[in-house]
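What follows is one structure encoded as structure tokens, with my remarks underneath.
In this text the structure is predicted, and so the values were computed from the model without any measurement. For ligands, and for the atoms within them, numbers begin at 1 and follow the listed sequence.
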Amino acid sequence: MKDAIENLQDVLARQRAACLVSSYPQLMQRRRDLKEVRQSLSRYQDQLATAMSEDFGRRSEFECKMLDVMLPALQIDHALANLRRWMKPERRRTDWLFSTNSARVVYQPKGVVGVIAAWNFPIVEAVGPMITALAAGNRVMIKMSEYSPRSTAVLREMLAEIFPEEQVAVFGGGVEVARAFASLPFDHIVFTGSPAVGKEIMRAAAANLTPVTLELGGKSPAIVAPSASLAAAARSIAHGKAFNAGQACVAPDYALVPRERIGEFVAAAVSAFQRLVPEPVGDPNYTWMASDRHAQRVSELLADAVAKGATVTACGPDNGGRVVTMQIVTGVTPDMRIMQEELFNPILPVVACDSLDEAIRYITVRPRPLALYYYGNDAGEVARLEQEVHAGGMTVNDWAWHVFQGDLPFGGTGNSGIGSWRGPEGFVALSHAKAVLKMKRWFPIGLFRPPYGTRIQRLISKLWLGDPDPALNISCTHAIRPDCATMQDTTRESV
Ligand code: NAD
């Protein structure tokens, strides 16, 4: 443990020293680095998918590749296409008083970025922030989750082929190592994980005044409006619960469904899930719960809901172990654990909801979710959700696809996170936007210097501030409460 922590400190010191030698990697260098990561992702796709599957016990190879390998590859393509523009210093207007000078913003690398990943999409949560950090010219230290040892080993091997430890380093280890990692004086920390641990990260970072990007979770609602095609909504929501077996931060957590259509919705969702995953126990493409503890939690949550009056409809046979199919829960009440905790599994609570107003009220009195889904065809309702409901992001008539758009930021709000590491917003977050004002030699800056009270200074003041209100200018003592008067008098005397 002591060795592991000393190693973290040593790598940080070496990365910092390297920053001093090469503090601003040029466009060519950054492009080269990103292209090498792109090629390595392609070369290592099978090893990465196998490692992730072993970490889970079983995980869909297609989903491993589609999300953990392809998403970072798409992110690199987007960065390569936009990097020149992102890096270019931005001309800004000077204030009128200073016109004729020139102002611009220069995006400077922050230095060393610490990345802490969760286990559910271990590669994308490590490599995604790393790509933006490298694009912004930083060096990167990555701490993987204790639940992803094999993914950690393959990722470390892959990145060590491209980068020296002074540029990118990958660490495994348990929570104690993660704690030590979060307390290092990075120039920025990107954390992916739960809101509870997010608070610990922020506390640790505060000690070093390290800025943070927190990619957290929450209960992402799916609103099924009366105008929705019930079958299409049920198919999409079932996919959200089948993908990675619901172990996705943006999975639809619960559905808000018109009261009179709940029976119809449940039937449509059961049949949609069974079409997506006909043989859950034997299907190599149906992902397991990541550990016995996670599977056990599903049973506990369902038992709690049933004890409080809910009905559970299982969408397929479970093997009593880590294969868990979608479990639709109706008769839901707010005191059930399934409505209080982020699920992060294939349980789908269905909440009766009679109007959009009721749905908005239901969502907005609860902690702000990471994602919001609307199924329906009413543009006015979509506009209301865009404007009135706080959520990290939103997809209309499907789930999660906003996360795949390279030009969109991806991040939470309130309890679901702070900031975003992706897209142009990510580049800005992992750069320092340095304000640079170049004064022209002949600009009459002397006009702003003492001794004050020159005619031109008085003219400038008059032009910008106008005349003072004489009624306010009689005496400050008018504004002083009687109990303050003594103090004011004493002050005057001492002056
Ligand atoms: P977690 O918060 O338990 O752990 C996340 C990471 O933090 C792990 O690497 C862990 O080792 C580390 N960690 C744990 N305690 C720590 C501490 N005290 N100090 C520093 N690091 C510590 O989360 P998890 O169980 O790995 O992942 C599930 C959560 O992550 C869910 O809430 C999910 O919604 C969220 N998540 C969010 C996103 C997103 O992009 N917003 C993506 C995936 C997962």
Proximal atoms of ligand 1 relative to [X] (non-hydrogen, under 4.0 Å):
| X | value |
| --- | --- |
| A117 | 6 (C), 8 (C), 9 (O) |
| I116 | 6 (C), 7 (O), 9 (O) |
| I201 | 19 (N), 20 (C), 21 (N) |
| F191 | 2 (O), 5 (C), 6 (C), 7 (O) |
| E215 | 37 (C), 38 (C), 39 (C), 40 (O), 41 (N) |
| F410 | 40 (O) |
| N120 | 43 (C), 44 (C) |
| E146 | 10 (C), 11 (O) |

Which of these, [options], has its nearest heavy atom closest to [atom]?
| atom | options | answer |
| --- | --- | --- |
| atom 28 (C) of ligand 1 | W421, F344, F121 | F344 |
| atom 36 (N) of ligand 1 | C249, A290, S416 | C249 |
| atom 30 (O) of ligand 1 | G193, P129, S145 | G193 |
| atom 16 (C) of ligand 1 | L370, V197, L216 | V197 |

I'd like to know if [X] contacts ligand 1, where contact means a heavy-atom distance under 4.0 Å to any ligand atom.
| X | result |
| --- | --- |
| G412 | no |
| Y147 | no |
| F181 | no |

Check your understanding: Between T192 and ligand 1, which part of the residue brings a heavy atom under 4.0 Å of the ligand: side chain, backbone, both or neither?
Key -> both

Short side-chain to backbone donor-acceptor contact, [X] and [Y], under 3.5 Å:
| X | Y | value |
| --- | --- | --- |
| Q247 | N244 | yes |
| N208 | T210 | no |
| K241 | L348 | no |
| D253 | E342 | no |

Salt bridge present between [X] and [Y] (N-O < 4.0 angstrom):
| X | Y | answer |
| --- | --- | --- |
| E358 | R361 | no |
| R32 | E36 | no |
| D187 | K110 | no |
| D357 | R384 | yes |

Using the six-membered ring wherever Trp is involved, compare the ring planes of [X] and [Y] and label them parallel, tilted or perpendicular (cut-offs 30° and 60°).
| X | Y | result |
| --- | --- | --- |
| W119 | F344 | perpendicular |
| H402 | Y373 | tilted |
| F121 | F243 | tilted |
| W401 | F404 | tilted |

Shortest protein heavy-atom distance from [atom], along with the residue and atom involved:
| atom | answer |
| --- | --- |
| atom 34 (O) of ligand 1 | E342 OE2, 2.5 Å |
| atom 2 (O) of ligand 1 | S194 OG, 2.6 Å |
| atom 26 (O) of ligand 1 | W119 CD1, 3.0 Å |
| atom 27 (O) of ligand 1 | A118 CB, 3.5 Å |
| atom 43 (C) of ligand 1 | E125 OE2, 2.8 Å |
| atom 18 (N) of ligand 1 | E200 OE1, 2.8 Å |
| atom 21 (N) of ligand 1 | A178 CB, 3.3 Å |

Point to revise | Centroid-centroid distance, F56 to W288, less than 6.0 Å | key: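 They do not qualify: ring centres at least 6.0 Å apart.
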
**Study point:** Nearest-0.5 Å distance, OG of residue S151 to OH of residue Y147
**Key:** 14.0 Å

Review point. Under 4.0 Å from atom 4 (O) of ligand 1, is there any protein heavy atom?
Key: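 No.
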
